[in-house]
Every structure is written in structure tokens, then in C-alpha cells.
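First the structure, in the form of C-alpha cells, and then the observations on it.
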Amino acid sequence: MNLDFLRGAGFAEQLFAGFAIGGTLLFFLRTAAMLLGGFGGDHGHGDAGDHHAGNDSHHADSTADFKLFSLHSAIGFAMMFGWIGLSAYRQFHMGTVVSFAAAGAAGLGTMYLTAYLFRAALRLSTVKAPFSAQDLGGLDATVYLRIPAKGRGKVQL
């Protein structure tokens, strides 16, 4: 990667470039980790097959607040803040204040869109019809989080 343009760059360009490169790097690392099944899996967003015994009306996480501030949205903010700010400043020759405003708007818009998409995906995994734990007796399931004798685990039906 050729970063020669940063040698004579001012503070704004360096800041935008740092956010752009750092955010993009974190985005790709997180995406790769999620694809490999490691870091970034189920962190409060739930899986389509998650169902908890005793939860009679909906998915356990379906009542979670609209999560504007999450790791996903923070990475999206950094990436978009950097790239939009850098392009506004260098390519479109906008002033520093306008570039920061465009970058901030793009970053906040990305955070909102990320939170909205996770919320929408969560609604897709929510059980619509009420059921009780008694209705689940005798069904085949896969335990993917060990269930202690007097505790809870996770079971996928």
C-alpha cells in the first residue's frame, strides 16, 4: 500500500486516512473471523435457530434495545468517516469543516444503518407464534452450549 500522500498531508488528511485504513482493516479482520466461526459470532444478535425454554412468546433477544453503539457499528463508523472525509477533502477539495461534517454524517448514517439491519435480522429470527417449553418435549435438538444440571444452555431445534 502506497502511503506517500500522507508525508506532506495535514492533520485532517492524516486523521481521515487513519480512520479509513484502520476501519477497513478491522472490517476485513472481523468479517474473516466471522466467516471462520471465531470472533464475531453470536454477540447478542441471536441465531435463527435460537430458542430458550420458558420463553413463551418470543426470542430472548427480541426485546433488546436498538443497538446503535456496537462493535459492528463502530467499525462501520470509522471506515465510512475516514473514506468519506478523505474523499471530500482530497477529491472534491471541500474545506476541513465541510469534510468533517460529511464524514460525520456518513459515519453516523452507517452506524444507524448497521443497527437497523441487525434489528431487522433479529426480527426475522423471532418466533412469531407463542409456544411453551412443554410443546418441545420429544423433539430432536442439538445442544450447542452445555446445559448444567441446574442452569441454562442453548438448544437449536
Output the distance between atom [atom1] ([X]) and atom [atom2] ([Y]), rounded to the nearest 0.5 Å.
X	Y	atom1	atom2	result
F118	S73	CZ	OG	9.0 Å
I75	T31	CD1	OG1	8.0 Å
L26	M79	CG	CE	10.0 Å
L117	L122	CG	CG	12.5 Å
L108	Y112	CG	OH	12.5 Å

Does the side chain of [X] reach to within under 4.5 Å of the side chain of [Y], using non-hydrogen atoms?
X	Y	answer
L15	F11	yes
I84	F16	no
M80	F19	no

Worksheet entry | ILVMFWY cluster membership beyond V97 - transitive side-chain contacts under 4.5 angstrom | none
Heavy-atom closest contact ([X] atom, [Y] atom, distance):
X	Y	value
A88	S99	C-OG, 3.6 Å
A78	G23	CB-CA, 4.1 Å
R30	L71	NH1-CD2, 3.2 Å

Worksheet item: Mind checking what makes ring-ring contact (aromatic ring centres under 6.0 Å, His included) contact with F77, not counting sequence neighbours?
Response: F81
Item to complete: If a pair satisfies side chain to side chain donor-acceptor pair (under 3.5 Å) and one of its residues is in residues 11-23, list it, with sequence neighbours excluded.
Response: E13-R90
Practice prompt. Say whether M111 and F27 are linked into one hydrophobic cluster, either directly or through other cluster members, by side-chain heavy-atom distances under 4.5 angstrom.
Written response: yes
Item to complete: Determine whether L86 and F28 fall in the same hydrophobic cluster, where Ile, Leu, Val, Met, Phe, Trp and Tyr are linked whenever their side-chain heavy atoms lie under 4.5 Å apart.
Response: yes
